[in-house]
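Structure record follows, encoded as structure tokens.
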Amino acid sequence: MFDKANDDNLKQIISRAVTQYLENNKIELKAIPKIILTIPKNPAHGHLSTNIALQLSGLLEGNAKNIAQFIGREAEQNNPEIFEKIKIEGPGFINFYFRKDLFYGLLLEIISEKEKYGHSKRGNGEKVLVEYVSVNPTGPLHIGHGKCAVVGDSLSRILAAAGYQVATEYYINDHGKQIDLLGESVLARYRQLCGEEVVFPENGYQGDYIVTIAQEIKEKNQDKFKGKIDSGTKRFVRDYAKQRILADIREDLIAFGVKFDNWFSEESLYVQNRVQTVIEKLNQKGFIFSSKGALWFKSTDFGDEKDRVVTKENGEDTYFASDIAYHDDKYRRGFTTLIDIWGSDHHGYINRMKAAIQALGYAKDSFQVLLVQFVTLVRAGQIIGMSTRGGQFITLKDLLKEVGTDVARYFFLMNSHDSHTEFNLDIAKSQSLENPVFYIQYAYARICSIIEKGSARNIVLNDWNKDSIDLVLLDKKEELEIIKKLGQFKKIVERSAEQRKPYLIAGYLHELASLFHKYYTEYKVIGEDKKLSLARLYLISCIKIVLENSLSLLGIQAPEKM
RNA sequence: GCGCCUGUAGCUCAAUAGGAUAGAGCAACGGACUUCUAAUCCGUAGGCUGGGGGUUCGACUCCCUCCGGGCGCGCCA
């Protein structure tokens with residue numbers, strides 16, 4: 001929470017006291033329970049709290065309160081420079097109260113770290129690859145993909161801030177039946193444009209964008225491919241359509257603030273014969289068998305419901321086969337944790353992938369899947385259907401045009417990715433009350449406005465005076481409450497990264513904005529008393545930094561004026 | 001039928017690894033602008049956490065069971 005009282009320090013202090021307790025009572029324990037420090041919901045329960053005594057009492061049959069008393073007293077006596085007091089409350093919680101000078105120290109820390117404030121080394125530079133979106137390049141992104149995109153993008157930013165070495169990747173499924181079908185669909189439209197009577201492929205892609213691409217090919221090549229169905233023509237049309245759609249996808253994602261470090265082509269795995277190689281590797285380990293003319297991976301050895309085909313009867317490899325090769329490649333590039341973000345409709349795929357990971361000899365837990373639940377669009381109280389098949393869906397592009405990037409991103413990030421999102425367009429479009437994005441951005445804009453007013457009156461924080469501000473003047477309840485909240489930021493970022501929950505940042509932001517709005521209503525920052533004004537200016541400058549930093553983790557703009 | 005997710009205030013969602021009195025926003029009702037932006041703030045009301053059983057100092061959280069919603073269960077991707 002504070003520099004002198006960061007989690008690691010506190011855990012050490014507590015663990016020392018616990019050891020002392022055990023020694024005094026001649027108790028031997030194999031291991032001390034993991035020390036958990038929580039931010040109490042109720043401010044009356046201190047600045048930070050631990051339930052270690054309750055955990056110990058379960059193990060030792062001792063009285064939780066007595067244990068807590070001992071640990072509390074021990075910690076308090078040995079660290080007078082940290083604790084104002086330590087209280088034992090409830091059934092045996094140890095509640096820590098920090099000295100006020102630590103609060104003021106925190107503000108100095110924020111000002112000096114600026115955009116780095118909130119960053120930590122928790123991840124120890126572990127190499128993480130986050131793969132997300134990875135939509136087939138056979139059509140435009142719709143809003144469900146948008147949710148995956150923003151969850152992945154934001155999570156990556158958060159992991160990086162928490163000290164992980166993160167790379168992001170989009171896997172392009174540019175091999176196989178679907179992409180061929182795309183090519184055939186476009187070719188059929190092209191030939192229709194040339195006046196030919198053509199039967200549209202069964203299960204072909206119906207959308208208008210297919211016609212648009214066909215028109216483009218027609219404009220550039222006139223009737224060059226009229227009547228042609230040779231493999232060269234097919235390949236040309238297919239590749240053209242793929243590149244064209246990929247370019248659109250890339251453009252949509254950039255407009256949505258999402259950039260990938262790498263775009264990985266499935267086709268490239270085949271070009272390098274990697275799919276074959278990985279199947280052979282599994283075969284050598286005894287996990288491949290032949291049946292009904294196909295090759296199967298024995299995923300049931302690792303808890304999957306049934307074994308899975310990797311090479312079909314017709315000799316083609318399945319999507320699963322290349323996906324194994326792809327994930328193998330991720331490990332081979334040195335990543336030790338793989339995070340995949342999938343739409344919840346792919347959940348049935350997790351077990352076979354986990355099985356493959358283990359069969360290849362990698363740790364089960366090093367591969368993690370985040371399932372993103374569906375998005376329901378609501379307009380005027382009505383649910384808008386979103387079937388991809390029928391060709392009638394709301395694209396990400398349409399959504400951004402309607403509500404803007406900031407609002408869309410926040411709406412996708414404000415709830416757990418694991419719960420169904422109801423995206424209410426009427427609220428998202430409202431420029432007022434109901435819209436939480438504006439609430440947060442407004443707090444930021446207000447701060448900027450105060451700073452501007454300060455400079456008009458020559459009350460300014462600068463390098464000359466910033467170290468001599470009298471922060472002790474910040475003694476109001478609301479001010480200390482705000483500083484406490486600012487001090488929680490690093491912990492929130494760490495938790496958000498470890499638990500892969502970007503929405504925690506959104507919740508934190510709203511709470512911080514709320515504290516500021518309350519403070520703003522109650523107190524004037526720029527006033528008659530210049531020393532007090534400067535101290536308050538210092539405080540709101542810190543709020544500004546933390547708002548900026550957390551907004552940037554979500555990829556949302558911080559506007560200076562609204 | 002089997003598997004994964006889910007059920008919390010009228011609505012949309014929280015609840016930190018099993019912790020303390022289940023919290024926010026919106027909607028409803030009542031108040032606050034001569035002030036650094038009222039896109040704000042203050043107050044009131046709203047709950048047998050889908051039902052039932054269990055585990056323990058303590059359960060929205062874990063286990064069992066039933067009910068309701070979503071999604072899967074291809075030699076598609």
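Just so you know, these numbers use all the heavy atoms, side chains as well, and skip hydrogens, waters and symmetry mates. Chain naming here is simple, since letters A, B, ... match the order of the sequence lines and numbering starts at 1 in each.
For B/rU12, the paired base is B/rA24 (Watson-Crick or G-U wobble, both distances below 3.5 Å). Under the Watson-Crick or G-U wobble criterion, with both distances below 3.5 Å, B/rC73 is paired with B/rG1.
For the pair A/R495 and B/rA17, the criterion of a side-chain N or O lying under 4.0 Å from OP1 or OP2 is not met. For B/rA14, one of the phosphate oxygens OP1 or OP2 lies less than 4.0 angstrom from a side-chain nitrogen or oxygen of A/S419. Taking only side-chain nitrogens and oxygens, A/K312 comes nearer than 4.0 Å to OP1 or OP2 of B/rA77. Within the 4.0 Å cut-off from OP1 or OP2 of B/rU16, not a single side-chain nitrogen or oxygen of A/Y503 is found. At least one side-chain nitrogen or oxygen of A/K518 sits closer than 4.0 Å to the OP1 or OP2 atom of B/rC42.
Counting only heavy atoms from C-beta on, A/T318 has its side chain closest to B/rC75 among B/rA14, B/rC41, B/rC75. Considering only side-chain atoms of A/S49, the nucleotide from B/rA20, B/rC36, B/rA14 that sits closest is B/rA20. The side chain of A/H45 approaches B/rA20 more closely than any other nucleotide in the set B/rA77, B/rA14, B/rA20. Side chain of A/E305, nearest nucleotide from B/rA77, B/rG3, B/rU40: B/rG3. Distance from the side chain of A/Y520 is smallest for B/rA38 among the nucleotides B/rG72, B/rA15, B/rA38. Candidate nucleotides B/rC5, B/rU40, B/rA77 were compared by shortest atom distance to the side chain of A/D418, and B/rC5 ranks first. Distance from the side chain of A/I39 is smallest for B/rU16 among the nucleotides B/rU16, B/rU12, B/rC5.
At most 12 heavy atoms of other shown residues, nucleotides or ligands fall within 6.0 angstrom of atom CG in A/N458.
Cation-pi geometry between A/K147 and A/F412 is not met: the NZ or CZ atom fails to fall both under 6.0 Å from the ring centre and inside 45° of the normal.
Here the P atom of nucleotide B/rA17 and the CD atom of A/E494 are 13 Å apart, to the nearest Å. We find that NZ of A/K177 is positioned 6 Å from C1' of B/rC76, with the value rounded to whole Å.
Counting distance only, with no hydrogens placed and no angle test, the side-chain atoms of A/H347 and the base atoms of B/rG3 include a donor-acceptor pair under 3.5 Å.
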